[in-house]
*Asks:* 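What follows is a single structure, and I will ask about it in a moment.
Order of the sequence lines sets the chain letters (A, B, ...), proteins ahead of strands, with each chain counted from 1. The figures that follow rest on heavy atoms only: side chains count, while hydrogens, waters and symmetry mates do not.
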2 protein chains.
Amino acid sequence: MTEPPGRRERKKAATRRKIADTALRLFLERGYDAVGIRDVAAAADVAVTTVFAHFASKEALVFEQDEDFERGLIRAVTDRAPHEPLMPALRREIHALVRHCTADDAAPVWRLVEETPALREYDESMRLRHAASLATAIAADPELSRTATACRTIARFAIDAYSLAREADDPEAAVDEIFGMIEAAWEVTGSAA
Amino acid sequence: MTEPPGRRERKKAATRRKIADTALRLFLERGYDAVGIRDVAAAADVAVTTVFAHFASKEALVFEQDEDFERGLIRAVTDRAPHEPLMPALRREIHALVRHCTADDAAPVWRLVEETPALREYDESMRLRHAASLATAIAADPELSRTATACRTIARFAIDAYSLAREADDPEAAVDEIFGMIEAAWEVTGSAA
DNA sequence: TTGTGAAAAGCTAACGGTTAGGGTTATGTT
DNA sequence: AACATAACCCTAACCGTTAGCTTTTCACAA
């Protein structure tokens, strides 16, 4: 399935990683706004155009795990144990995400994000994309026959839980408090069927 | 309280309105991305710096009602009838907002927003600001003693309802469907007291 | 009226993210 | 060996935005 990658792909991946690592290091050292794309390119020893060949924007340099987050969310729905209700699976996944973001080694990065308006904005629209994907996954599950609006709403709520918990004093407790509310919201959508 | 405004303030307001009107007209005619700030300034017969003296960014040219929305939301909470529960007031306000956005004369503008990624992003972070303000208003109401997390969560959910309903096939029905879920979420936060 | 301070608007030049255009090198393939 | 192409480089520019400074316009008081 995964052939041993050739030299070309290995070099490409190495370039990408070098750019991302260099950028993150510089951002953490000097601050996001104080580091220009031209600085990143020079420090990574690549051309500016190469940076944008690998990353769609300056902000994207900070959010490499973007797609992992999204895949994880979708799998939490599609790969859960047979006949397991949606909510516990979703709650577990959000717990994992929050724990991941508040872990000690990830903390400096998230501090950077919270301090930088441009990164906050980027994070926000990433979350909306994730919510949309999650909504699609929920809507596709034959065991959960809900309206499209209900699916989209619960997906948003779950992503809100992730976002709000990250900012709370006690993130883990916040996830549980918010999911108490979400489960109540979810249950009223099932009774109408 | 409100003195008759002098010539100076009238001219300032006129300049502001001329810029916003010109910008919106050009955006609708040629598309947001096809119109530059320099085009707007030239068409409104002002300097580029004057545009930015009145509006914080190009996107802000499209969202003049921003502050009205925010004030309306907060008033829905603070100015509701004595002892009226929160939820009906909030639901009414969101209904009003959705109706306002889906009205025929506002439709072209919202189509423009939905078609333009930069404007969608701006809209998203505006909503988060509104949610934060709404959360503060809810938390400040002595009749509703809930945790800070619960207040923030309900505020987010209400703004989600606004956002999701705008995109739904039947916006008015979507508001009611989502508020059914939000009310259930709100009620479980009261029972712990 | 006239002078004066300040707000509003203007001009120029620049910065920083982003992209287009067109060229060079390295890699995989025939 | 020869070709096609992916990855990369360079230059120059576009566009939103801001800084620095000058000019105009208004409000108000001497």
*Asks:* Any donor-acceptor pair under 3.5 Å linking the side chain of B:Asp123 with the backbone of B:Arg120?
*Replies:*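 No, B:Asp123 side chain to B:Arg120 backbone: no donor-acceptor pair under 3.5 Å.
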
*Asks:* Write out all pairs satisfying salt bridge (Lys or Arg N to Asp or Glu O under 4.0 Å) with one or both partners inside residues 20-37 of chain B, taking only residues at least two apart or from two chains.
*Replies:*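 For residues 20-37 of chain B: B:Arg25-B:Glu29.
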
*Asks:* Hey, could you give me each pair passing salt bridge (Lys or Arg N to Asp or Glu O under 4.0 Å) that has a residue in residues 7-16 of chain A? Not counting sequence neighbours.
*Replies:*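 Listed once each, the pairs are A:Arg16-A:Glu64.
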
*Asks:* Mapping B:Val35 and B:Arg10 onto DNA chain D by nearest heavy atom, which one lands closer to the 5' end?
*Replies:*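 Its nearest nucleotide lies further toward 5', so the answer is B:Val35.
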
*Asks:* Could you identify which residues of residues 12-34 of chain B place a heavy atom less than 4.0 Å from some atom of DNA chain D, listed by residue number, or say none?
*Replies:*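 Correct list: empty, so none.
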
*Asks:* Listed by chain and number, what are the ring pair (Phe, Tyr, Trp, His ring centres under 6.0 Å) partners of B:Phe179, not counting sequence neighbours?
*Replies:*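 For B:Phe179 there are no ring pair (Phe, Tyr, Trp, His ring centres under 6.0 Å) partners, ignoring immediate neighbours.
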
*Asks:* Determine whether more than 12 heavy atoms belonging to other residues, nucleotides or ligands lie under 6.0 Å from atom CD of A:Glu143.
*Replies:*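 Above 12, so yes.
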
*Asks:* Taking only residues at least two apart or on different chains, which pairs with a member in residues 150-161 of chain A satisfy side-chain hydrogen bond (donor to acceptor under 3.5 Å, both in side chains)?
*Replies:*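 side-chain hydrogen bond (donor to acceptor under 3.5 Å, both in side chains) check on residues 150-161 of chain A returns A:Arg156-B:Asp160, A:Arg156-B:Ser163, A:Asp160-B:Arg156.
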
*Asks:* Is the side chain of B:Ser125 donor-acceptor paired with the backbone N or O of B:Tyr122 at a distance under 3.5 Å, no angle test?
*Replies:*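 Side chain of B:Ser125 to backbone of B:Tyr122, a donor-acceptor pair under 3.5 Å: yes, one is there.
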
*Asks:* Anything under 4.0 Å to a heavy atom of chain A counts; send over the first and last such nucleotide of DNA chain C, read 5' to 3'.
*Replies:*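 Contacts span C:dG16 to C:dG28, reading 5' to 3'.
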
*Asks:* For DNA chain D, which residues of residues 44-55 of chain B approach it to below 4.0 angstrom with any heavy atom?
*Replies:*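 Only B:Val48, B:Thr49, B:Phe52 qualify.
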
*Asks:* Could you work out, with salt bridge (Lys or Arg N to Asp or Glu O under 4.0 Å) as the rule, every residue matching B:Glu183, not counting sequence neighbours?
*Replies:*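 So B:Glu183 forms a salt bridge (Lys or Arg N to Asp or Glu O under 4.0 Å) with B:Arg91.
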
*Asks:* Restricting to side-chain contact (heavy atoms from CB on, under 4.5 Å), what partner residues turn up for A:Ala168, sequence neighbours left out?
*Replies:*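 side-chain contact (heavy atoms from CB on, under 4.5 Å) check on A:Ala168 returns A:Ala174.
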
*Asks:* Identify the 5'-most and 3'-most nucleotides of DNA chain D with at least one atom closer than 4.0 Å to a non-hydrogen atom of chain A.
*Replies:*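 Footprint of chain A along DNA chain D, 5' to 3': D:dT5 to D:dA13.
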
*Asks:* Which word best sums up how the rings of A:Phe69 and A:His100 line up, parallel for under 30°, tilted for 30 to 60°, or perpendicular for over 60°?
*Replies:*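 A:Phe69 vs A:His100 ring planes: perpendicular.
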
*Asks:* Please tell me which of B:Glu59 and B:Arg8 maps to the more 5' nucleotide of DNA chain D, matching each residue to the nucleotide holding its nearest heavy atom.
*Replies:*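 Of the two residues, B:Glu59 wins.
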
*Asks:* Using a cut-off of 4.0 Å on non-hydrogen atoms, how would the nucleic acid contact of B:Val40 be classed: base, sugar-phosphate, or nothing?
*Replies:*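 B:Val40: no heavy atom of the nucleic acid under 4.0 Å.
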
*Asks:* Over its full length, what angle do the end axes of the helix from C:dT1-D:dA30 to C:dT30-D:dA1 make, each axis taken from five pairs and the result rounded to 10 degrees?
*Replies:*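 So the angle between the two local helix axes works out to 10°.
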
*Asks:* Kindly state each residue pair satisfying ring-ring contact (aromatic ring centres under 6.0 Å, His included) with at least one member in residues 29-58 of chain A, sequence neighbours excluded.
*Replies:*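 As it turns out, the ring-ring contact (aromatic ring centres under 6.0 Å, His included) pairs with a partner in residues 29-58 of chain A, which skip direct neighbours, are A:Phe27-A:Tyr32.
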
*Asks:* Parallel, tilted or perpendicular, judged at 30° and 60°: which one describes the rings of B:Phe157 and A:Phe157?
*Replies:*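 Parallel.
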
